[in-house]
J.: 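Got a structure here, written out as structure tokens. Questions coming.
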Amino acid sequence: MAGTATHPRETTMDERQHTTDAGTGGGTGGGTGEGTRAVHAGRPGHEPYTPSLPGPVFAAHYHLPGEPTGPYTYGRDENPTWTLLERAIGELESPDEPAETVVFSSGMAAISSVLLGQVRTGDVVVLPTDCYQATRSLRERLESYGAEVRMAPTAGDAQERLLDGARLLWIESPSNPGLDVCDIRRLADAAHAAGALVAVDNTLATPLGQRPLDLGADFSVASGTKALTGHGDVLLGYVACRDERLAASVRYWRKTVGAIPGPMESWLAHRSLATLQLRVDRQASNAVALARALRGHPEVTDVRHPGLAEDPSHEQAARQMRRYGSVVSFTLPDQRFAERFLAALRLTSEATSFGSVQCTAERRGRWGGDAVAPGFVRFSVGVEDPEDILRDVLGALEAAAGA
Ligand SMILES: *Cc1c(COP(=O)(O)O)cnc(C)c1O
């Protein structure tokens, strides 16, 4: 118990030591602390009389005399605002080794670029049974193109048994919304031995919570709509990878499919990265506080959060994650109880998505498609004061029980 509660604080102290040797300006290197890196990532050097982060470049086309050589030719191919954001995310996902990042208009655009873009007729794809619903729904599309899709749960590394002859292993850890965790390193090694590529959906963890490329993945893929940008006002996605050829093929997919982010969204995302560490640290400690409070409550069962020492995911999560995310899930007695609870929340808004600075919660079963109980609630903890969050949640539980 004590170990979990202190984890975020330990991380912060550790980072403070690193921060002392941090460089400034013009991107960050591997020796820099994570908080410093988040603030400076992808920003150009300290050129006099220029802004710290240049504003969004709105361009459908660029002045392009003569032979069309790069870097900026046409607005669907490249944009300087994307370039800075891509550098920033690359530094966070892979601080110690060069990586390329390709940003997309949404998480699903990024996911499709790998799941549809890297797979051909006859290929075998291994998906988790419990991953993000829209990712799973690409199964039908893959099969219609003549690929074989095999599925197994995230928990217990069950996907490992399906790797024979596979082309692509898709991992989501922690899984959304069930918060199960698998051993990414072990699965990646097994997949590579079987000749498969490995992609990890890193949405829930963010690059400050987990670095899939360091754990052996070929692709770290994520929705930037959630905690990465963190304000509930931007849709974005990205693919990060170290192999230049894979990166080029993802980039080519974006160009031909046209799933490009707007310059304004890209700039907002980059601006939001500066506070990433502050937000995810606060969310992580708030999430543990909420999970602890819920565990003692008579109406609440199956409280899940990977940062909780008692959680079935915790041991593996602690080995590969540095922060455990903003999501706490739990089950209330039935659908009616859960609906009364959500309606009684004052601070927390009933909304889908997660990772925002504000608390949000929803009864996941209202969408159908996830294997969850009718009273299952996915709660995303914001950066509000912990005592206000606890008061809101415990008060709503009392109201729901008394009604
Ligand atoms: C939200 C989410 C996505 C999809 O991202 P969008 O930005 O909504 O397209 C993919 N994976 C996970 C785990 C998510 O939570």
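Counting convention: from 1, in listed order, for ligands and their atoms alike. Fair warning: this is a prediction, and the values are worked out from it, not measured in the lab.
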J.: Could you tell me which residues satisfy side chain to side chain donor-acceptor pair (under 3.5 Å) with S113, sequence neighbours excluded, listed by chain and number?
T.: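 Once residues adjacent in sequence are excluded, S113 has no partner under the side chain to side chain donor-acceptor pair (under 3.5 Å) criterion.
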J.: Dump all N/O pairs between ligand 1 and the protein below 3.5 Å as a table: atom names plus distance, one pair per row.
T.:
| unit_1 | atom_1 | unit_2 | atom_2 | d |
| --- | --- | --- | --- | --- |
| ligand 1 | 5 (O) | S223 | OG | 3.1 |
| ligand 1 | 7 (O) | G107 | N | 2.8 |
| ligand 1 | 7 (O) | S223 | OG | 2.8 |
| ligand 1 | 7 (O) | T225 | OG1 | 2.6 |
| ligand 1 | 9 (O) | G107 | N | 3.1 |
| ligand 1 | 9 (O) | M108 | N | 2.8 |
| ligand 1 | 11 (N) | D201 | OD2 | 2.7 |
| ligand 1 | 15 (O) | N176 | ND2 | 3.0 |
| ligand 1 | 15 (O) | K226 | NZ | 2.7 |

J.: Are P312 and R304 packed together at the side-chain level, in the sense that at least one heavy-atom pair is separated by less than 4.5 angstrom?
T.: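 In short, these two side chains touch, coming nearer than 4.5 Å.
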J.: Salt bridge between R136 and D370, side-chain N to carboxylate O under 4.0 Å?
T.: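 Judged by the 4.0 Å cut-off on N to carboxylate O distance, R136 and D370 do form a salt bridge.
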J.: Considering only residues two or more places apart or on different chains, which pairs with a residue in residues 196-209 satisfy side chain to side chain donor-acceptor pair (under 3.5 Å)?
T.: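 Residue pairs with at least one partner in residues 196-209: E93-N202, D201-T203, N202-Q210.
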J.: Does R139 have any side chain to side chain donor-acceptor pair (under 3.5 Å) partners at least two apart in sequence or in another chain, and if so, which?
T.: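 For R139 the side chain to side chain donor-acceptor pair (under 3.5 Å) partners, ignoring immediate neighbours, are E143.
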J.: Please state whether the rings of Y324 and H305 are parallel, tilted or perpendicular, taking 30° and 60° as the class boundaries.
T.: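 Rings of Y324 and H305: perpendicular, over 60°.
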